[in-house]
Amino acid sequence: MRGTFSFQAMVAGLLSAFVGFASSFIIILQGLAAVGASQAEAASGLIALSIAMGLAGIYFSLRFRLPISIVWSTPGAALLATTGTIEGGFAATVGAFLATGVLIILVGLWRPLGRWVEAIPRPLASAMLAGVLLTFCLAPIRAVAEDATLALPIIAAWAIMWKISRLYAVPAALLVTTCIVVWTTDLSVLNGISLWPEMILVTPTFTVSAMIGIALPLFIVTMASQNIPGIAVLHANDYRPGAGPIITGTGIFTLAAAPFGGHAVNLAAITAAMCAGKDAHPDPARRYWAAVVAGAGYVVFGLLAGAITAFFTAAPAFLIAAVAGLALLGAFASALSAAMAEPDDQIAVAITFLVTASGLSFGGIGSAFWGLVAGLGMYALTRRWRRGA
């Protein structure tokens, strides 16, 4: 019977959940910690995001009978890591998370806002993302300088598995890292720390600097690098869902996760292909079960997030940063390639990239916003010159 559950779809869904969680949860923890979250608050954010994206994936897949995978915004977490603590602390950051959810909802409900987002030149949006990711991607190099005997095995595992199967490269590096942590770290520091999932409600505050420095760049990065490509992946596999209700829904789930420290949930791009492709099931009508199982897997991982956070917080910070950098190398390469696709825009692209990567903070607003502003200014100027010529 068409649409019934299948073992093949279950395996694809479990694999998608494992790859999606293992490949980037460290980036989530680092991003939340960078903007002022305590270990308990970062764990709460990870739990909230995992449960929100799991329930969202289950809901949308069952409602539309389509393989709609929902995940957290990995580029958004990388953005947080480069932004750092803002005035007002984590409470102001949570206020920005709520504003991001509202903006995502408005995109789904009000099409003109979506067109404005799409009107941002793709090379500049990609350059901003590449600038955000640069600091992360330098971490494996710094880790080698810190302790080559520990860092090089992790990098070697990633490189070898990247050659064999790219999907398993980061999980392989994570496995080696886990073994190294167990071998080299005194895990007695975990004694007395609660390993059970604990949700911490953060009372938000709303500041202008948080809205401009976090909410706006987080919204743009999430839409440009996650939601729009996620719709494209579904289209490439001959699924044509209405984008508006799904994007609105991701905004609603973002609002639900935000008070507990979750920054944003959105359509999946890479792992979406695992649930929407032929490997999930030969029959397109039965592939949605893969996304349902993936959603259930994310919920389970979320319930384990407290223990996972405690374990990796006890690990050497430079090793965790190295794994995060390896996880983002592919995204960095893709962003850099897309940024340089138009020769006429390369100066504007270079300005966007350099200002974003500089870590410049002015008026309490982070470098991602200023990078995009500077790039758009140069883009408009050079385009006007070319029209005048």
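Atom set for the values below is all heavy atoms of this structure, side chains included, hydrogens, waters and symmetry mates excluded.
- Counted within 6.0 Å of OH on Tyr168, heavy atoms from surrounding residues, nucleotides or ligands total 12 or fewer; the atom is thus considered open.
- Remark: Leu109 CG is packed, more than 12 non-hydrogen atoms of other residues, nucleotides or ligands lying under 6.0 Å away.
- A heavy-atom distance below 4.5 Å is not found between the side chains of Asn266 and Ile70.
- Heavy-atom minimum distance, Leu303 versus Ile51: CD2-CD1, 4.3 Å.
- Rounding to the nearest 0.5 Å places OG1 of Thr203 at 5.5 Å from CG of Leu201.
- Using a 4.5 Å heavy-atom threshold, the side chains of Asp147 and Phe318 count as touching.
- Scanning all heavy atoms of the two residues, the minimum distance from Gly302 to Ser50 falls at CA-CB, 3.4 Å.
- Of the inter-residue distances, the one linking Ile154 atom CD1 with Leu174 atom CG reads 9.5 Å to the nearest 0.5 angstrom.
- Put simply, the side chain of Thr205 gets close to the backbone of Ala92: a donor and an acceptor are under 3.5 Å apart.
- Cys275 places none of its side-chain heavy atoms less than 4.5 Å from the side chain of Arg287.
- Across Leu267 and Gly230, no two heavy atoms sit closer than the pair CB-CA, 4.1 Å.
- Of the possible donor and acceptor atoms, one in the side chain of Thr254 sits under 3.5 Å from a partner among the backbone N and O of Val265.
- Between Ser61 and Val292 the shortest heavy-atom distance is CB-CG2, 3.7 Å.
- Counting heavy atoms from C-beta on, the side chains of Ile141 and Leu138 come closer than 4.5 Å.
- Here the side chains of Trp72 and Phe25 are in contact, with some heavy-atom distance below 4.5 Å.
- Side-chain contact between Ile68 and Tyr239 is absent, with no heavy-atom pair separated by less than 4.5 Å.
- Across Leu98 and Ala258, no two heavy atoms sit closer than the pair CD2-CB, 3.6 Å.
- Cluster membership check: Val182 does not share its hydrophobic cluster with Leu175, using side-chain heavy-atom separations under 4.5 Å among Ile, Leu, Val, Met, Phe, Trp and Tyr.
- In terms of modelled atom types and a separation under 3.5 Å, the side chain of Ser44 and the main chain of Phe260 share a donor-acceptor contact.
- The shortest heavy-atom contact between Ser126 and Ala335 is CB-O, 3.3 Å.
- Side-chain contact between Trp158 and Leu329: present, with at least one pair of heavy atoms (C-beta onward) separated by less than 4.5 Å.
- Taking the six-membered ring where tryptophan is involved, the planes of Phe90 and Phe97 are perpendicular, since the angle between them exceeds 60° and thus also 30°.
- Between the His263 side chain and the Ser73 main chain, a donor and an acceptor come within less than 3.5 Å of each other.
- Contact of the Leu29 side chain with the Leu46 side chain is registered, since non-hydrogen atoms from C-beta on lie closer than 4.5 Å.
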